[in-house]
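Structure record follows, encoded as structure tokens.
Computed over heavy atoms, backbone and side chain alike; hydrogens, waters and symmetry mates excluded.
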Amino acid sequence: MNWIYDNKPFEPTEAIRGIVYRMSLDGFWYIGKKTIKSPKGKPTKYQDYFGSGKRWLQHIGGREQEVERQVVYLCANLTEMDYWESYLLYSTHAIFREDSMNDNVSMITNRRTSKNFINKPETI
């Protein structure tokens, strides 16, 4: 499935360097970021990208064409991509949710290091 933004096929503009996305399949989801333009302005192969999380890639293995790929944020630079990806991961409590395939946030907080948190989200 192609990338969707605002319920339409995604067409990047010149000002867009990268995206923050949410992919889903079979009730499971994965949030990430992807550069769509190199620092020199050359397009990347983002059209063929399906994430980098090991569990997520195992989950979708061989069924990439069934994956829903939604662009959530359009970003001008890597810092903005980092910010909005972290925001989505924290605000959705991704590492605590069974339906999330994200195993870490910014490579700092992960399922193992958060296991003994005193303050876990009550919404899960």
Side-chain angles (χ1 to χ4, degrees):
M1 182 175 227
N2 291 326
W3 291 98
I4 302 297
Y5 178 68
D6 204 18
N7 294 317
K8 294 177 266 192
F10 172 59
E11 295 291 334
T13 62
E14 188 62 31
I16 304 305
R17 172 90 187 279
I19 58 175
V20 175
Y21 61 82
R22 183 181 190 275
M23 295 186 190
S24 58
L25 179 68
D26 299 334
F28 292 93
W29 49 270
Y30 181 79
I31 290 170
K33 63 185 176 212
K34 180 65 178 159
T35 304
I36 62 168
K37 197 182 313 173
S38 75
K40 294 184 179 183
K42 293 184 179 186
T44 65
K45 295 183 179 184
Y46 74 93
Q47 297 95 332
D48 301 324
Y49 187 73
F50 288 91
S52 61
K54 290 179 185 177
R55 284 190 321 127
W56 173 248
L57 292 172
Q58 287 174 342
H59 178 70
I60 67 168
R63 301 185 299 153
E64 287 81 2
Q65 297 310 311
E66 298 173 37
V67 174
E68 292 181 29
R69 299 190 297 172
Q70 177 188 8
V71 175
V72 182
Y73 292 106
L74 304 175
C75 302
N77 55 51
L78 298 176
T79 303
E80 186 176 12
M81 290 166 54
D82 288 342
Y83 176 85
W84 288 114
E85 179 193 31
S86 293
Y87 169 80
L88 276 179
L89 292 168
Y90 284 123
S91 66
T92 60
H93 307 297
I95 61 171
F96 298 105
R97 293 184 55 149
E98 295 295 322
D99 57 348
S100 166
M101 291 288 184
N102 289 91
D103 288 330
N104 64 67
V105 178
S106 302
M107 301 305 290
I108 296 169
T109 309
N110 59 49
R111 290 181 191 270
R112 183 181 48 78
T113 61
S114 64
K115 190 184 323 183
N116 296 319
F117 275 17
I118 293 170
N119 298 293
K120 290 186 181 182
E122 298 298 324
T123 59
I124 299 169

Q. More than 12 non-hydrogen atoms from neighbouring residues, nucleotides or ligands closer than 6.0 Å to CG on Asn2, yes or no?
A. no
Heavy-atom pair of closest approach, residues [X] and [Y]:
X     : Y     : value
Val20 : Cys75 : CG2-SG, 4.0 Å
Arg17 : Pro39 : NH2-CG, 3.2 Å
Ser38 : Thr44 : N-CG2, 4.1 Å

Q.
Quick check against the 3.5 Å criterion: does Asn77 have a side-chain atom that pairs as donor or acceptor with the backbone of Thr79?
A.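 Indeed, once roles are kept as given, a pair shorter than 3.5 Å links the two residues.
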Q. Taking Arg97 for the side chain and Asn102 for the main chain, is one N or O donor matched with an acceptor at less than 3.5 Å?
A.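 No, because the side chain of Arg97 does not come within donor-acceptor range (under 3.5 Å) of the backbone of Asn102.
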Q) Nearest 0.5 Å, what's the OG-NZ distance between Ser52 and Lys34? A)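 Here the interatomic distance stands at 8.5 Å.
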Q: First locate atom CD1 of Ile95, then atom CG of Leu89, and finally report the distance between them rounded to the nearest 0.5 Å.
A: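 Output value for this atom pair is 9.0 Å.
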Q: Hydrophobic side-chain clustering at under 4.5 Å (ILVMFWY, transitive links): who's grouped with Ile60? Put none if nobody.
A: Trp3, Tyr5, Phe10, Ile16, Ile19, Tyr21, Met23, Leu25, Phe28, Tyr30, Ile36, Tyr46, Tyr49, Phe50, Trp56, Leu57, Val67, Val71, Leu74, Met101
Q: Sequence neighbours left out, what passes side-chain hydrogen bond (donor to acceptor under 3.5 Å, both in side chains) with Arg22? Give chain and number order.
A: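 So Arg22 forms no side-chain hydrogen bond (donor to acceptor under 3.5 Å, both in side chains) with any residue.
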Q: Identify, with sequence neighbours excluded, every residue that meets side-chain hydrogen bond (donor to acceptor under 3.5 Å, both in side chains) alongside Lys33.
A: Asp82, Glu85
(Q) Using the rule given for side chain to side chain contact (heavy atoms under 4.5 Å, CB included), can you reason through Ile4 versus Glu68, listing the C-alpha separation, both sets of side-chain angles and the distance that settles it, and then say yes or no? (A) CA-CA 8 Å; Ile4 302 297; Glu68 292 181 29; over 6 Å; no
Q) Using 30° and 60° as the class limits, which term best fits the ring planes of Tyr87 and Trp84: parallel, tilted or perpendicular? A) perpendicular
